[in-house]
Amino acid sequence: MRRKLIAGNWKMNHGPAATRAFFEELAPLVAGARPKTELCIAAPAVSLPAAVEAARAFEARTGVPIQIAAQNAHGLAQGAFTGEISAPMLKEIGVSLVLVGHSERRTLFGETDALIAARAQGILAQGLGVIYCVGETLAEREAGRTQSVLESQLRHVPWDAGEHLVIAYEPVWAIGTGVTATPDQAQDAHAFIRKHMLPAVAARTRILYGGSVTPENATSLLVCPDVDGALVGGASLKAVSFAGIVGKTPLASI
Ligand code: PGA
């Protein structure tokens, strides 16, 4: 059985003070709720220590664990890579997951499939989990190239990582646009991605949907058989809407 995972991606929002305030607000909203749903927040690097500390206090108060994720990390443990942070550094402060290959990293910062794969491999080798993002642009979808784009992005995924590997399908045209994929579009893409995996990997690997998920549309997406959770950007910034999505999450996907 794959447990649902609801992961918030704060992008370049929420410094340490706003991070602490978010967890304060979230606590009464999710206390005791949905214990079988896993929760995660991907905070900006500078807010990660505050997020880890706040998540620990939050769990002590509510009984609900929340994993803290970084939004990117280098594949190597250390070295001359100005501006980068490494998985061992993240592990040392209590971070347990890292997003890689988000479309903003691909399109705005020129990260390639090869670089993303190297990051993922290195991070997994250091014992952290990875949320590996893939997804097509609108032009690619309209040109009927969704499957071939996904295929080439998936070619680089380190599939042997076990449960530490989570895939996020995020159609670029749905990210931050308010245009959500329909449940059929999401299910089709997720089923296509799952077909790429060996049967044992397919059974255990969670595939999150991301792109304009809100409390209003969450249930229709999360009931799809191959949708194992959500990667939520804008709606994860406010505790009330993040909690709203968590509250709409069915308890198991299969
Ligand atoms: P959104 O972002 O929910 O604001 O569309 C999703 C993401 O980029 O992960």
Side-chain angles (χ1 to χ4, degrees), residues 4-14 18-19 22 26 37-45 47-48 51 66-73 95-111 116 119-120 123 129-141 146 149-150 153-154 157 165-183 185-186 189-190 193 206-222 224 227-249:
K4 299 278 193 200
L5 171 62
I6 305 298
N9 173 16
W10 284 354
K11 310 190 181 188
M12 200 173 72
N13 297 287
H14 289 351
T19 296
F22 173 91
L26 188 66
T37 302
E38 281 180 34
L39 305 182
C40 169
I41 291 290
S47 300
L48 289 171
I66 298 199
Q67 301 187 75
I68 300 302
Q71 296 174 11
N72 208 357
V95 168
S96 51
L97 279 163
V98 183
L99 300 186
V100 298
H102 189 280
S103 75
E104 286 148 21
R105 299 303 316 171
R106 293 173 185 268
T107 57
L108 302 175
F109 300 98
E111 292 197 13
I116 292 159
R119 286 184 185 275
I123 294 161
V130 158
I131 300 180
Y132 198 113
C133 306
V134 296
E136 81 289 355
T137 64
L138 186 59
E140 289 163 344
R141 175 165 281 266
T146 299
V149 167
L150 291 178
Q153 292 173 339
L154 292 167
V157 172
L165 176 71
V166 174
I167 304 294
Y169 168 64
E170 298 205 299
V172 179
W173 47 271
I175 294 178
T177 58
V179 181
T180 318
T182 64
Q185 286 171 325
H190 284 227
I193 292 169
R206 289 178 291 186
I207 308 173
L208 313 183
Y209 167 80
S212 299
V213 176
T214 64
E216 290 70 39
N217 61 31
T219 306
S220 64
L221 293 157
L222 290 163
C224 297
V227 177
D228 304 311
L231 183 54
V232 186
S236 73
L237 291 175
K238 291 213 163 71
V240 67
S241 47
F242 185 69
I245 292 168
V246 174
K248 298 278 174 57
T249 306

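Read the numbers this way: they start at 1 and go in the same order the structure lists the ligands and their atoms.
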(message) Taking Gly101's backbone N and O only, do any of them form a donor-acceptor pair with Arg106's side chain (distance below 3.5 Å, no angle check)?
(response)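 Indeed, once roles are kept as given, a pair shorter than 3.5 Å links the two residues.
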
(request) For the pair His14 and Phe22, name the ring-plane relationship: parallel under 30°, tilted 30 to 60°, perpendicular over 60°. (result)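 Ring orientation of His14 relative to Phe22: tilted.
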
(request) Using the six-membered ring wherever Trp is involved, compare the ring planes of His190 and Tyr169 and label them parallel, tilted or perpendicular (cut-offs 30° and 60°). (result)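 Plane angle over 60°, so perpendicular.
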
(request) Pick out which of Asp228, Leu231, Leu208 makes a side chain to side chain contact (heavy atoms under 4.5 Å, CB included) with Leu5. (result)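 Checked Asp228, Leu231, Leu208 against Leu5; only one passes side chain to side chain contact (heavy atoms under 4.5 Å, CB included): Leu208.
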
Atoms in ligand 1 flagged as close to [X], the criterion being non-hydrogen separation under 4.0 Å:
| X | result |
| --- | --- |
| His102 | 7 (C), 8 (O), 9 (O) |
| Lys11 | 2 (O), 7 (C), 8 (O) |
| Ala174 | 5 (O) |
| Gly211 | 5 (O) |
| Ser212 | 1 (P), 3 (O), 5 (O) |

(message) Below 3.5 Å, N or O to N or O, backbone or side chain included: is there any such pair between Gly176 and ligand 1?
(response)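 Yes: some nitrogen or oxygen of Gly176 is under 3.5 Å from one in ligand 1.
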
(request) Ignoring angles and geometry beyond distance, decide whether Gly233 reaches within less than 3.5 Å of ligand 1 through its nitrogen or oxygen atoms. (result)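 Yes - when backbone and side-chain N and O of Gly233 are compared with those of ligand 1, one distance drops under 3.5 Å.
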
(request) Answer whether the closest heavy-atom distance between the side chains of Val179 and Ser212 falls below 4.5 Å. (result)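 Val179 vs Ser212: side chains apart.
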
(message) For a quick test of reading the model, state the closest non-hydrogen atom pair linking Glu104 to Phe109 and the distance between them.
(response)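 For Glu104 versus Phe109, the nearest heavy atoms are O-CD1, 3.3 Å.
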
(message) At under 4.0 Å between heavy atoms, is it the side chain or the backbone of Asn9 that contacts ligand 1, or both, or neither?
(response)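 Side chain only; the backbone of Asn9 stays clear of ligand 1.
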
(message) Give me the residue, atom name and distance of the protein heavy atom closest to atom 9 (O) of ligand 1.
(response)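 Of every protein heavy atom, Glu170 OE2, 2.6 Å lies nearest to atom 9 (O) of ligand 1.
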
(request) May I ask you to identify the nearest protein heavy atom to atom 4 (O) of ligand 1, giving residue, atom name and distance to one decimal place in Å? (result)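 Among all protein heavy atoms, the one nearest atom 4 (O) of ligand 1 is Gly234 N, 2.8 Å.
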
(request) Check the side chains of His102 and Glu170 for a donor-acceptor pair under 3.5 angstrom, ignoring hydrogens and angles. (result)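 Note: Glu170 and His102 side chains meet the donor-acceptor criterion.
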
